Amino acid sequence: MYINGEWLTGRPEFPVNNPATGEIIGRVTDCSDQDIEAAIAAADRAFKEWKKTTAYQRSQLLYRAWELMMRQKRTLAELMTREQGKPLKASLNEVQYGADFLLWFAEEAKRMYGQIIPSARENQRFLVQKSPIGVVGAITPWNYPISMITRKLAPALAAGCTVILKPAESTPLCAKAMMEIFAEAGFPPGVVNLITVQNPAPVGTAFCTDPRIRKLTFTGSTAVGKELNGLAAANMKRVSMELGGHAPAIVFPDADPVHAAKGLSLVKFLNTGQACISPNRIFVHEDHAEPFIKELSIRASRMVAGNGMSEGTGIGPLINELAIQKVDSQVKDAVALGAKVETGGHRLTDNGLNEGHFYAPTVLVGVTPAMKIYREETFGPVAPVITYRSEDDVIAMANDTEYGLAAYVYSNNMATTMRAFEALDFGIVGINDINPTSAAAPFGGMKNSGIGREGAQEGIEEYLNTKLGGFTI
Ligand code: NAD
């Protein structure tokens, strides 16, 4: 725990496991209700001075944090692989993506522009000024344990807010390492605080009900997000909700099916499928299904599962036993209802993998809307393939979900891509692009995938109030 510029110890602790080996790799403090109160009080006190700092001062500290993060890139990536499981190369990419937010918002801090608005009255002037919203409670998930932190903290700090971070209980060590960076960068006591906890519910309640907290920013499941949003709404708090997804990927008949299979296998199995923007329903035109499925299955079956620290590992473990059970039950349900397993479809236990939570990269064909996997977020290495006949049909099928985060389209026809882009009800659409994310681009969802955007110019707006001054002169 890091509260008011101090590392607090001497409290009960909980262990952190490596999901590839099961071994305990560290222990962190399990904070109490008094600790939550201390963190809120510290952030509230610190806000009174922090909000008066200039954008240039805040920017300097964010630059320093970015420099420190870049210097420690490999150490942070190794820690991430041990704590979360993704292959080292993917961890290095995530640390870079995480650092990008510090740099982007170090720059955006200086662009919190207001406005002068002309009035209909000759002797009146309108002035619009942006001001930091106040103390922010931030809750982050385990699947991207560093970038989800900087995606929230960088804009909040740039805006002049103070923050209390509560990371996921599976990945508190990455959060602790990030907090060390913020401390070394020189953020004043109380401006950034960390509370680690095994049972997150009391923290969620405090963030949503304590009058000193003005904003909740949450990334996690839709179920928890809805619950917290309800509580926050009752207390009139601003919220950002980055929730679950069920991304469709459409391969149009004019696309190269082999090229599309290559791209979609890369994004599907990224982070072992544990990504909110992972393609969860892959729609392929019936005329091209055969070469597509063949290529996708070959690529899936060739992936080497293992410890992310080992050279050649292409796919890491799932985060825990529960995740294995959920993926396996979705696959079994699909098979019982008529889907066919092209490759995978089972847990991996050979060659020492039984110590961790490994599931074989899986391709399912003949998936239908009656199956759980068609609607539930998968969060595992399973690629469900569905065939379709017409553009209208496939757009309707793609939009037939409660979620609206990401979608993917493969087509070589400009008009088709534009029609699909406009017709898909998703916040992010990758057009022949499997990585439509950047600190400079707005990330976020529609429908049950959430509220608000992270990154880009919009990212800082989420932490600002708009104040209007009407002046009679
Ligand atoms: P989760 O909702 O179980 O947990 C997310 C965070 O919320 C964790 O820090 C957890 O400790 C905390 N939490 C859980 N219950 C809480 C409660 N009652 N009060 C307060 N905090 C609580 O989700 P998860 O399994 O850790 O993460 C995976 C989910 O996150 C997936 O649904 C995924 O799609 C989503 N996600 C979304 C984005 C996005 O940007 N939209 C990014 C990454 C992950």
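First listed ligand is number 1; within each ligand, the first listed atom is number 1. Quantities reported herein were computed from a predicted structural model and do not represent experimental measurements.
- Residue contacts with ligand 1: T219 is included, with a non-hydrogen atom under 4.0 Å away.
- Counting heavy atoms from C-beta outward, M446 and Y403 have side chains that stay 4.5 Å or more apart.
- In the displayed structure, Q457 atom CD is contacted under 6.0 Å by at most 12 heavy atoms of other residues, nucleotides or ligands.
- Side chains of N280 and K268: a donor-acceptor N/O pair is present below 3.5 angstrom, by distance only.
- Contact annotation for H246 and ligand 1: no heavy atom of the residue comes within less than 4.0 Å of the ligand.
- Counting heavy atoms under 4.0 Å from ligand 1, residue Y144 does not touch it at all.
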Quiz item: When you look at K226 and M241, which way does the side chain to side chain contact (heavy atoms under 4.5 Å, CB included) test go after all the steps?
Solution: CA-CA 9 Å; K226 278 185 169 178; M241 291 279 156; over 6 Å; no
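- Under a 4.0 Å heavy-atom criterion, A201 is in contact with ligand 1.
- Ring-plane geometry between F101 and F105 is classed as parallel, the angle between the planes falling under 30 degrees on a 0 to 90 degree scale with a further cut at 60.
- Not one N or O of N143 is nearer than 3.5 Å to an N or O of ligand 1, by distance alone.
- Between W142 and F379, the ring planes lie perpendicular to each other; the angle is over 60°, past the 30° to 60° tilted range.
- In terms of polar-atom proximity, S449 is not counted as a contact of ligand 1, lacking any N or O under 3.5 Å from an N or O of the ligand.
- Residue V224 has no N or O atom closer than 3.5 Å to an N or O atom of ligand 1.
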Practice problem: For side chain to side chain contact (heavy atoms under 4.5 Å, CB included), just list the numbers for N93 and Y97, CA-CA rounded to whole Å, side-chain angles, deciding distance to a tenth of an Å, and then say yes or no. | Solution: CA-CA 6 Å; N93 288 340; Y97 177 55; over 6 Å; no
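- To the nearest 0.5 Å, the span separating CG on L337 from CD1 on I373 amounts to 11.5 Å.
- Of the protein's non-hydrogen atoms, the one nearest atom 10 (C) of ligand 1 is E169 OE1, 3.7 Å.
- Cation-pi geometry between R151 and F443 is met: under 6.0 angstrom from the ring centre, within 45 degrees of the axis.
- With a 4.0 Å cut-off on non-hydrogen atoms, E377 touches ligand 1 through its side chain and not its backbone.
- In terms of polar-atom proximity, T222 is not counted as a contact of ligand 1, lacking any N or O under 3.5 Å from an N or O of the ligand.
- Within the 4.0 Å cut-off (strictly below), a protein heavy atom is located near atom 23 (O) of ligand 1.
- For the pair G445 and ligand 1, no heavy-atom separation below 4.0 Å is found.
- Between K166 and T140, the side chains place no donor N or O within less than 3.5 Å of an acceptor N or O (distance only, hydrogens not considered).
- Side chains of K51 and T162 form no contact here, defined as non-hydrogen atoms less than 4.5 Å apart.
- Using a 4.0 Å heavy-atom cutoff, K166 is listed among the residues neighbouring ligand 1.
- Residue-level proximity to ligand 1 for L405 is carried by the side chain, the only part with a heavy atom below 4.0 angstrom.
- Heavy atoms of F207 found under 4.0 angstrom from ligand 1: none, in either backbone or side chain.
- Within the 4.0 Å heavy-atom cutoff, E454 does not count among the residues contacting ligand 1.
- Checked against a 3.5 angstrom limit, the closest N/O atoms of M148 and ligand 1 fall outside it.
- Contacts of P167 with ligand 1, taken as heavy-atom pairs under 4.0 Å, involve the backbone alone.
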